[in-house]
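Just below is one structure, and these are the notes that go with it.
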2 protein chains.
Amino acid sequence: MNEATRNSSRVSGTTRIADMLRLLQDSLPVQRRVVRAGDVVYRLGQSFGCLHVVSSGFFKMVNLSDEGREQVVSLHFKGDWMGLDGIASGQYGCDAIALDTGEVWAIRYDTLIEAAVRKPALLTAMHGAMSRELRRDHDSMLAVCTLPADARVAGFLRYWADALDQRGLRTDQFTLRMTRAEIGNYLGMKQETVSRALSRLARGDVIRFTEQTRRDIHIPQAEALADFIRDVGTPSAPDEGAAALQGTRGASRSGIAAAT
Amino acid sequence: MNEATRNSSRVSGTTRIADMLRLLQDSLPVQRRVVRAGDVVYRLGQSFGCLHVVSSGFFKMVNLSDEGREQVVSLHFKGDWMGLDGIASGQYGCDAIALDTGEVWAIRYDTLIEAAVRKPALLTAMHGAMSRELRRDHDSMLAVCTLPADARVAGFLRYWADALDQRGLRTDQFTLRMTRAEIGNYLGMKQETVSRALSRLARGDVIRFTEQTRRDIHIPQAEALADFIRDVGTPSAPDEGAAALQGTRGASRSGIAAAT
DNA sequence: CGATCATTTGAGCACCTTCAACTTAAGTGG
DNA sequence: CCACTTAAGTTGAAGGTGCTCAAATGATCG
């Protein structure tokens, strides 16, 4: 996703999501459910029957291997759909866990399909959600496989800010709803590495910590974040945007070589 | 995906795919296209209009960042759908590249939706494809983020064998359609690491190379592959299945600890 | 049959992990 | 309100997995 796409989607994003929620509400019987942090919406292996749409709050999807390895594979915000990966097999493919208080709407899949004959917009909404999720998965893989740890954390913050942006919320300051361990799991690194990366970003003034909690992030300028991802992500880049981090880590790829 | 799921899907998998291709052929105008290795089916950013279904051959989907970082995000076999990630934005999200000679059927998305009113099975087919792709993406992330390099390569071979299995092809011996560099990119490692991992697997007799080409893989017993992934994937496991690799790498996690 | 690409293998190093200690935040019950 | 407990987060030191760099071999193709 490039810069232009991100910016243009702010206004249309909020209306798109609001319109979709209204459409669902008006066209289908929805089962509302209020959740609190840690609540389970559904579990991997449970019989699939409903799709779930986020009305408010934040959710994580956790994949689990046979041997017990865990992986946070996606995050879901207002307007996102959950459970799409259960359609084919008839069983949900992940655990869906609430990261904060919020509300989900459960929609029977078969009911949705029936109603879609009368209201094609329902299909468009669902297909759009699924298509966006595929795109997001692919962007995640790109980041996990091609970016060093610091840039991955920076990319995560940008992703979170973008998600808020598309929902009309303030993006220069927000509260992470996840522990360092959860973030690390999602990004394919350990919690200590996340902590160090955040400290380095703060030291370079790419981000700031507001409050003592260390979960409230302030982003002085979105440009600096984007620049940082670019510069650290491409080893051949000269030191311009990430120059502020000299001595901490930004110099390692070019500088240390001469020292050995 | 557990063992039972994999085995039960062999017979039903082949009929499912054959039935689906027949359904598409009989219900919709499909644009056939023959491709050869390296051919581009569509490119990232191109205007979305058609979904593409693999009639034969093998394909990779490549995601590209603004700065030029490349990532193979998925592989597609007979019966798989391509281009689903373009629905929401109206642009394809990846490059679709043929890995071998084959055939793809292009289907107009809007035509599909119209026809689905008469034939709901068309929707079921498309939703199933998308759901399976989401599941596969999540399994990829799990592997990339939680398995060491050797187990990731072993998991890749098992994935390829499973894909062939579901299509009724022989799974104890097959030809990889990708270079080491492509495999490495897909698995989040360098080509040298893939090469070393394959050499170690062969040294432990988990796989064998047939022919001189080093792309024809023989799997003496599928169990050994699965065991290997389990054993190397879980650090706490005692040395039983991967014992054959003593001295190469399998011992590092449990053996070296005592040496320090 | 020379040229190019793919693959293998070795040696050294860097990024990230592991292990550990410490600090801070958030409850809980007296 | 303050000990006490537990979980989350930070930071340092040391070590390992996988990367970089390099060279040699093997495969493929005009």
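Per chain, numbering begins at 1; letters A, B, ... match sequence-line order.
Applying the side chain to side chain contact (heavy atoms under 4.5 Å, CB included) rule to B/Val144 yields the partners A/Val144, A/Cys145; only residues at least two apart in sequence or on another chain are considered. In this view, B/Leu225 and B/Ala154, B/Leu157, B/Arg158, B/Val206, B/Ile219 satisfy the side chain to side chain contact (heavy atoms under 4.5 Å, CB included) rule, not counting sequence neighbours. Take B/Ala106 and apply the side chain to side chain contact (heavy atoms under 4.5 Å, CB included) test, not counting sequence neighbours, and it matches B/Gln31, B/Cys50, B/His52.
Environment of CZ in B/Arg32: crowded, with over 12 heavy atoms of neighbouring residues, nucleotides or ligands closer than 6.0 Å.
In this structure, the CE atom of A/Met189 is 16 Å from the C1' atom of C/dA14, given to the nearest Å. Regarding A/Lys190, its NZ atom lies at a distance of 17 Å from the P atom of D/dG16, rounded to whole Å. Rounded to whole Å, the distance from CG on A/Asp216 to C1' on D/dA8 is 14 Å. Put simply, CG on A/Leu187 is 16 Å from C1' on C/dT17, counting in whole angstrom units.
Taking the C1' atoms of five terminal pairs at each end of the helix from C/dC1-D/dG30 to C/dG30-D/dC1, the two resulting helix axes are inclined by 50°, rounded to 10°.
Residue pairs meeting the ring pair (Phe, Tyr, Trp, His ring centres under 6.0 Å) criterion with at least one partner in residues 195-219 of chain B, sequence neighbours excluded, do not occur; the list is empty.
Among B/Lys60, B/Arg136, B/Arg167, the one residue that satisfies the salt bridge (charged side-chain N to carboxylate O under 4.0 Å, His left out) test with B/Asp80 is B/Arg167.
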Worksheet item: Tell me, for nucleotides 4-9 of chain C in 5' to 3' order, what letter each nucleotide earns: B for a base near a protein heavy atom under 4.0 Å, S for only sugar-phosphate near one, - for neither?
Response: --SSBB
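Nearest approach of A/Ala161 to A/Thr171, heavy atoms of both residues: O-CG2, 3.3 Å.
Seen from the ring of A/Tyr186, A/Arg152 does not count as a face-on cation partner, given the 6.0 Å and 45° thresholds.
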